[in-house]
A.B. asks: 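Okay, handing you the structure first.
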Amino acid sequence: MKASLLAVPRGFLSLLTGMRVTLTQFFKPTVTVQYPWQTLKMPARFRGHIELIVDPENGRYRCIACKLCERACPSACIVVDGAKLEGEKKKSVTHYELDFTKCSLCGECIEACPSDAIRFSKAYNLASTNRNEYDYDLMKTPGPEEKRP
Amino acid sequence: MSFLLTEPFRLLLSILCIVAFVGGNAAYLVLAERKGAGRFQNRPGPNEAGFGGWLQPIADVGKLISKQLMVPPEADQLLFRLAPLVVLTPAMMCLAVIPFGDTVVARNINVGLLMVFSFGSINVMAILLSGWASRNKFAIMSAARVVSQNVAYEIPMLLVVITLLMATGTMDLSEIVRQQAGGFWHWNFCRVWINPLMPVTFVIFFICMLAETNRAPFDMAEAESELVAGAFTEYGSMGFGVFFMAEYANIVLGCSLATVLFFGGWQTGLGAVPAAWGGWGVLVGLGFFMAKLYALIFTVIWVRWTFPRTQFYILLNLSWKILIPVSLFTLLLSSAMIKLLPR
Amino acid sequence: MPTTLEQIKEHFSGTGCALSCAPADRAVKGYDLDVSANAGDVVSAAEYLGGIGFALDTITGVDWILQNEMEVVYDYFHPASPLRIVVRTRVPRANPEVPTVSGVFPGANWHERETHDFFGIRFAGHPNLIPLLLPEDADYHPLRKDFNA
Amino acid sequence: MSASFDIAASAKSGETFVLNLGPQHPAAHGVLRVKMTMDGEYVMRSEPVIGYIHRMHEKMGENRSLAKFLPNTGRIDYLSALHYNHAFVGAVERAARIEVPPRAEFIRVITSELNRISSHLVWWGAFLLDLGGFTPLLYAFDDREKILDLLEGVTGSRLTYCYFRFGGVRDDLDEGFVERTRAFIAQMRPRLKMYRQLVTDNIILRKRLENIGPISPELCRRYGATGPVIRGSGVPYDVRKIEPYSVYSQLDFEVPVYPEGDCMGRYRVRMDEIAQSLRIIEQALDKLPDGPTLGKVPRVLKLPVGDVCYAVEAARGRLMVRIVSDGKEAAYRLKLRTPSFSNMSLFEEASRGMLLADALALMGSLDLVIPDIDR
């Protein structure tokens, strides 16, 4: 009987400590980032959709269209063709398409690429209303820095 | 111009003020609750509509009104439409008796407290009506919960008020407030020589008021996790809006009653307002009343965003096994003390 | 102290219900004892292991289409000891039928329904062998090797 | 004393009704449907109907090579994805006998323990939301956001990680990770104290959880329930201690066990586990050796014939991956033994005769992730 009698005031005290905790939180600053007006900077290894890397010396894509990434992709969302330009030892890429609706951003293509020709971009606001807007043609989409925040 | 001072115009003005007070409160208490909840949770709360979010209630009401009020076919047509009205009108009518200021009271009747409690209990019946009329499994279960919850918490509330009435001797709310003039130690909350457990009676009154208005931690009626939206599941646009308004009207009523009964209504805690101020004195009194009222409403919001919901049989145990015995004890104690100790 | 590996081993090799019972190195295989029994003795093995405190980890079906057999593998772990026992049994692929162990381990109820969904192995005596993960009217068994989506 | 209720008496009364909880119900976290036969507020019989989010991961494991199944492992239980990476990668390494450098092992332990804390925080917030407390969810997500930032810096993703590779991890820790993690640990401990004051000691919650939904060790064993469910019933079963894998044997931590076996016991186990995981991370950071983070792996990985099992202690319990291989590039059969599947299977027996709100508290205390059940 005594225990239950003691339980009521002890219980009431636990309620008060709970309220004290929320009151101290009441005066703490808010942690929200107001998304459309403020944006966060993406960390270095953020995984946006993949993009082709431009070789700084000759300003052309490093990709040699060897299709290793196409074979490594678990969801088969990469289609690559290349052609051997005359006077060139290696082939160069003519068409590089990525179906971003099926891509699971696992990075296997990047690991499989022998000539480090692709990397993750920093694009994250890619909302759109129709599906086929996600068939990215990596040759046409602008370079990494221009469009992406 | 003389008709301005006549009785019918005064009545019309007070009705207008009460409806405006309830309407404005309902809208802006929703915003206060969401902002308060945000601040308790380290987030800003609605701040998109208007500067800092003050247009949010207008947007809410606009959205609610524009939605179609659908009456489910198998619902009981008459009762379904009647329930929202029956839930809102008693709360408004009770506010007629609350003394906001020295002369700022709609109609001061000498059994004000009795009227408040008699109309207050209609609210239960209205929620039962809505739950039963919408023929929805969840609604019926929540209606049953509301009835047993309100019955369980009506008793300790009345016992507490009776102990208070023995001390004040009158049910006329304005008279009760006048008795608490002078420093704040004259407030009923601190009149320990009548009943040393007066703060405990206030806590019981506050808990019962939370349970009467189905506020967390006693919001068993619309416990989202089990009963989706409880008795109001089937109500669409303005139907749900009216229930929401009624909930906030009941909170305002409960808090103002607590302010009047325990914290000396419009009395300033620092001695009487000098008569020279005249009209302004009444406004100062009104200001103090509002400050106390919104402090209590802040506590109601504060309690909601701190505690989880109780289990139903714990809720009933709390009332029958703890609140009622304690309030009976305070009743006996204060009656003995009033009898033995000279006034 | 739960019974040791040797006691279990000689129980299985003793009672003759096990065709073969080979200890395995947990670092290499992940389990300690690999008992292969014929279909009828699966329940008695479950009762014995349940008796000494083992819990049923999972039931795995394997479709050996080349040998025209279906294999059912019962994994057992013990809440108080690191022992891991595997009991496997083979049934002909034509009408795969294994007695249910849901009497000993009610947890097996769902495992058997799932294995039935995916392989079509019937579990004799199972309280309600209706599809668990597949739609109610599913009559196909996706994990069979001859299932073409 | 929870209000229990004898079923036989009410069965005769006959006015029971069936209440459908889910599949799109605000309380069930995911598409789980429970058909509850109710008599008034009491649950007479509850039958969970699962399969609404069944994606057949096991068939995907068979028709694609081992490396291509890696992204799937992060999608089975998205709240503790790294444990599933670890189980699958561990099974392949055990079969193909691939050596994992010590630094990679420690990075694996650090990141999966961080993942365990973030998973427990989501459970804690959602469980309190079920019981009607709205505020703890926001505090939990505020802390979890810090873990996600830490892991996003290392792995690149926030929820469905694909970071472990056969033989190690994809990249080394990014610079500043160790300091930021230590700062997180220092900041998390007072938060845990605040959680205890706000929720664990709260009389309302204690009344809501104590001796509600009792689960006996025998019931756990018969259904194969593991993780915090079995540790909440007094059985100290933790795969990290009983079948030590990776470098857990070099780290010293306790396994929190509470004998009550009610919702409060399971609740306390998970809260203590957060504290224990912080301890593990701290020790792992101290012992973090230098060196490579990826061992030698053959170009085309083919597993020897036969089957192999690898068990891991995921946030919800014992996760076991069994790979049966016939020597070809893809697995011949891939079995995923997921903890929520067994934990959920005991709900039917454990929730008989309980009140509806108690049954939901019990389901919340089992910490279910529905795709983990359906796979």
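Sequence lines set the chain letters: A, B, ... in the order given, protein chains first and strands last, and positions in each chain run from 1. The figures that follow rest on heavy atoms only: side chains count, while hydrogens, waters and symmetry mates do not.
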A.B. asks: Measure distances from A/Phe27 to the heavy atoms of chain B and classify the residue's part below 4.5 Å as side chain, backbone, both or neither.
C.D. replies: backbone

A.B. asks: Is B/Leu257 close to B/Phe117 at the side-chain level, that is, under 4.5 Å between some pair of heavy atoms?
C.D. replies: yes

A.B. asks: Is any side-chain heavy atom of A/Val54 closer than 4.5 Å to one of A/Arg60?
C.D. replies: no

A.B. asks: Checking A/Arg45 now: which residues fulfil side chain to side chain contact (heavy atoms under 4.5 Å, CB included) with it, not counting sequence neighbours?
C.D. replies: D/Val154, D/Asp171, D/Asp174

A.B. asks: Measure the shortest side-chain to side-chain distance between A/His49 and A/Cys103 over non-hydrogen atoms and say whether it is less than 4.5 angstrom.
C.D. replies: no

A.B. asks: For a quick test of reading the model, state the closest non-hydrogen atom pair linking A/Val80 to A/Glu70 and the distance between them.
C.D. replies: N-OE1, 3.0 Å

A.B. asks: Would you call the rings of A/Phe46 and A/Tyr124 parallel, tilted or perpendicular, taking 30° and 60° as the class edges?
C.D. replies: perpendicular

A.B. asks: Once you measure the plane-to-plane angle for A/Tyr136 and A/Tyr134, does it fall in the parallel (<30°), tilted (30-60°) or perpendicular (>60°) bin?
C.D. replies: perpendicular

A.B. asks: Check whether any side-chain heavy atom of A/Arg71 sits under 4.5 Å from a side-chain heavy atom of A/Cys66, and report yes or no.
C.D. replies: no

A.B. asks: What part of A/Val31 is in contact with chain B, defined as an atom under 4.5 angstrom from a non-hydrogen atom: side chain, backbone, both or neither?
C.D. replies: both

A.B. asks: Do any of residues 92-102 of chain A come closer than 4.5 Å to chain B, heavy atom to heavy atom, and if so which ones, in number order?
C.D. replies: none

A.B. asks: Just checking B/Phe202 against B/Phe263, ring centres under 6.0 Å apart?
C.D. replies: yes

A.B. asks: Nearest 0.5 Å, please: how far is CZ in B/Phe262 from CG in B/Leu164?
C.D. replies: 5.0 Å

A.B. asks: A/Phe26: which residues meet the ring pair (Phe, Tyr, Trp, His ring centres under 6.0 Å) condition with it, sequence neighbours left out?
C.D. replies: B/Phe40, B/Phe298

A.B. asks: For each of B/Gly45, B/Gly38, B/Gly36, B/Pro44, tally heavy-atom pairs with chain A at distances under 4.5 Å, and name the one with the top tally.
C.D. replies: B/Pro44

A.B. asks: Extract the chain A to chain B donor-acceptor pairs under 3.5 Å, no hydrogen or angle test applied.
C.D. replies:
from	atom 1	to	atom 2	distance (Å)
A/Met19	O	B/Trp302	NE1	3.2
A/Thr22	OG1	B/Trp302	NE1	3.1
A/Thr22	OG1	B/Thr306	OG1	3.2
A/Gln25	OE1	B/Asn42	ND2	3.0
A/Phe26	O	B/Arg39	NH2	3.3
A/Lys28	O	B/Arg39	NH2	3.3
A/Val31	N	B/Asn42	O	3.0
A/Gln34	NE2	B/Asn47	OD1	3.4
A/Gln34	NE2	B/Glu48	OE2	3.3
A/Trp37	NE1	B/Glu48	OE2	3.4

